Amino acid sequence: MSAAPDHRPTFADVSLAERLDKAMPFLLIPILVVLGFFAIGAPSSWLTLTVSGLAMGMMIFIMASGLTLVFGLMDVINFGHGAFVSVGAFVGVSVLIAFGDWTGATSLLLNMSAVFLAVVAAMTVTGALGWVFERVIVKPVYGAHLKQILVTVGGLIVIEQLIHVIWGPDEIFINRPEMLKGAITFAGAAMEKYRLLAVGVGAVLFIVMRMILRRTKIGLIVRAGVENGPMVEALGYRLRMVFVGVFIAGSALAGLGGVMWGLYQEVITAGMGERMMVLVFIVAIIGGLGSVEGAFIGALLVGLLQNYVAFLEPKLALVSNIALMTAILMWRPQGMLPVVKAK
Amino acid sequence: MSDPILTLKNVYTDIAQYHILQGVDLEVPRGEVTMLLGRNGVGKTTTLKTIMGQWTAKSGEILYNGQEMKRLPVSARARAGIGFVPEDMGIFSDLTVEENMLLGASSGPLDPKRKEWLLGAFPALGTFWNSEAGNLSGGQKQMLSIARAMAEDRELYLIDEPTKGLAPAIIATMANALRELKAQGRSILLVEQNFSVARALGDSAVVMDDGSVIWTGAMAELAENKDLQENLMGLSMEAH
């Protein structure tokens, strides 16, 4: 039996159309921004709306990234994800209220320290809650989508009621820390400081998540697990442990999203996470199930489109995201950058 | 026959309402290549998946190095030293060839010497090292699947039909790599339909029919006896 002849394959030139098709999801954001510029007309309004849209998108991404990974990795539909958003917001706001002196001071260091503590507390509590939620509610219903929906919705309702028990039934109004109030003016456009912070936090988080997923062994295991979990286990990795870790991280990120969304809206309610779930699911679906990059692009598209449309035609704002989802699913039925095939 | 690295005793496996394995008894001698043969649908793939833990044995014993491992999860069996190449190859299409190989080394980084050896055995993988594995040809994917299982030194390899649908030149590459593995003292349980590969590599053979083992013996004895082949498998292996 002779050895295979050595062969030197040549690589075909990829046509422009093929390159464009592959890059198109990434190009949609600049295309939408440019279209928004021409549709809005006034550069200052456009800039304000773009920053606002990006900030909203980044916060949705923070909430959606964990959900899409959990779905991709273990095929779990977690409708209870919104509960972590609400709990994160309440825990974070409680910390901010407790550190009222710091948030009320005109010191950026004290303000940001208070926000940092609020975020750490929210992520710790929601991460721990996520661990309990996974063990008690999700683990018994692996592989059963209908049961997952029913039981995670039940979990969501229970946690919302617990929020009412602990923090009371009323909405809580909050003030942003002093140095995060107001706006800065650039080229005649007013951009809220807090929105710029949200854009920065979201961008950093995306870069960090991407680096973890692309450059580390654990990221490799997660990406492989999303595609073919049984094979990852057959190579010797405890995928169950990885999944629990991702679930905890996803819950903690939802908690971070809750704090940021609460400060963005300046009011929090027990049902705020539940209401956000519509947008979070739209983002996970149009991005492609299991894809963090897809969720990032999807979230920015949703945030930008909603802000542009709300300015141009307020009555259409509510339907703009559903229209976006419909259009993208007609173009790419599996979402923009699918990692797992929708069943 | 040398000390068996793997022993199955009276193993039964059900898949849904079907009784697939019905009392499988087999041994894989240490340091040898054992061919698992039989017609399509007799339970060869289920046997490998049951050993690996992807299907749960309903009853019986699965002894690896003398230790019962029926209750161990799949990942623990792999960490105990079993490499698995499934029939569908299990390639991670969205990852590069390099990333697939890195995952193969589950207990640490990919050893440079081992990488060099594997790229020597499968040169095509070096050519496409940074390409997405989903873009490889069928043969290249099969090479990657085997190389990935070998990325870390394991005592026993379970390999399911590695030459299915491949060109003769690639089959030869594959066979050479398996021969090298055997020369290193590793044990292999190989499901194979290609007669020349089975004859060239196999030390012993286990023939299955209807979910149980119907013959065990030396591969050379089976290869030389056409009547036995027709009795056991319904046709001469030369016909494959």
Side-chain angles (χ1 to χ4, degrees), chain A residues 1-12 14 18 22 69 72-73 142-143 210 212-245 288-294 334-341, chain B residues 49 52-54 73-86 88-95 99-100 102-109 121-124 127-128 131 134 137 139-140 143 145 148-149 151-152 154 158 167-176 179 196-197 200-201:
Chain A
M1 203 173 277
S2 60
D6 189 20
H7 65 295
R8 298 185 183 283
T10 53
F11 292 87
V14 181
E18 283 173 314
K22 206 167 183 180
L69 272 181
L73 197 58
Y142 278 140
R210 202 177 144 81
I212 290 171
L213 286 170
R214 297 274 163 188
R215 303 268 173 88
T216 67
K217 187 80 175 258
I218 189 73
L220 206 53
I221 296 167
V222 170
R223 286 162 57 211
V226 168
E227 193 180 335
N228 187 347
M231 192 64 229
V232 173
E233 291 192 321
L235 289 171
Y237 300 100
R238 278 173 279 201
L239 200 58
R240 161 96 195 128
M241 301 270 287
V242 176
F243 171 65
V244 172
L289 297 169
S291 168
V292 170
E293 284 95 344
Q334 302 285 345
M336 288 184 288
L337 300 168
V339 178
V340 287
K341 304 291 180 203
Chain B
K49 287 190 169 183
M52 202 61 218
Q54 291 189 334
V74 176
S75 58
R77 297 182 200 208
R79 287 198 302 280
I82 302 179
F84 182 45
V85 179
D88 65 4
M89 299 177 272
I91 292 300
F92 305 116
S93 307
D94 291 336
L95 307 189
E99 289 172 331
N100 270 273
L102 290 174
L103 280 171
S106 58
S107 62
F122 303 109
T127 308
F128 296 102
S131 304
S137 71
Q140 289 158 350
M143 286 185 209
S145 183
R148 187 181 58 189
E152 190 162 282
R154 299 184 194 262
L158 310 175
I170 296 177
I171 291 175
T173 302
M174 204 90 69
N176 286 340
R179 204 173 282 121
S196 59
V197 172
L201 290 176

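Keep in mind the model is a prediction, meaning the values are calculated, not measured.
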*Asks:* What part of Arg154(B) lies closer than 4.5 angstrom to a heavy atom of chain A: side chain, backbone, both or neither?
*Replies:*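 Side chain of Arg154(B) only, per the 4.5 Å heavy-atom cut-off to chain A.
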*Asks:* Nearest 0.5 angstrom please: Arg148(B) CZ to Leu235(A) CG, how far?
*Replies:*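 It is 5.0 Å, given to the nearest 0.5 Å.
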*Asks:* Can you tell me how far CG of Asn228(A) sits from CG of Asp88(B), rounded to the nearest 0.5 angstrom?
*Replies:*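 Result: 7.0 Å between the selected atoms.
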*Asks:* Going by side-chain hydrogen bond (donor to acceptor under 3.5 Å, both in side chains), name the residues that satisfy it together with Arg214(A), two or more places apart in sequence or in a different chain.
*Replies:*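 Testing Arg214(A) for side-chain hydrogen bond (donor to acceptor under 3.5 Å, both in side chains), a comparison that skips the adjacent residues, returns Glu293(A).
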*Asks:* For Pro230(A) and Gln54(B), work out which heavy atoms get closest and say how close.
*Replies:*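 The answer is O-NE2, 3.6 Å.
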*Asks:* Within the 4.5 Å heavy-atom criterion, are Met231(A) and Pro86(B) side-chain neighbours or not?
*Replies:*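 Heavy-atom side-chain distance check passes, below 4.5 Å.
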*Asks:* Among Ser93(B), Ala151(B), Ala80(B), Gly53(B), which residue forms the greatest number of heavy-atom pairs with chain A at distances under 4.5 Å?
*Replies:*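 Counting heavy-atom pairs under 4.5 Å, the top option is Ser93(B).
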*Asks:* List the atom of Val232(A), the atom of Phe92(B), and the distance in Å for their closest heavy-atom pair.
*Replies:*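 For Val232(A) and Phe92(B), the tightest heavy-atom pair comes out as CG2-CZ, 3.6 Å.
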*Asks:* Taking non-hydrogen atoms and a cut-off under 4.5 angstrom, which of residues 215-224 of chain A neighbour chain B?
*Replies:*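 Lys217(A), Leu220(A), Ile221(A), Arg223(A), Ala224(A), listed by number.
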*Asks:* Side chains of Arg79(B) and Arg238(A), heavy atoms from C-beta outward: is any pair under 4.5 Å?
*Replies:*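 Of all side-chain heavy-atom pairs linking Arg238(A) with Arg79(B), at least one is under 4.5 Å.
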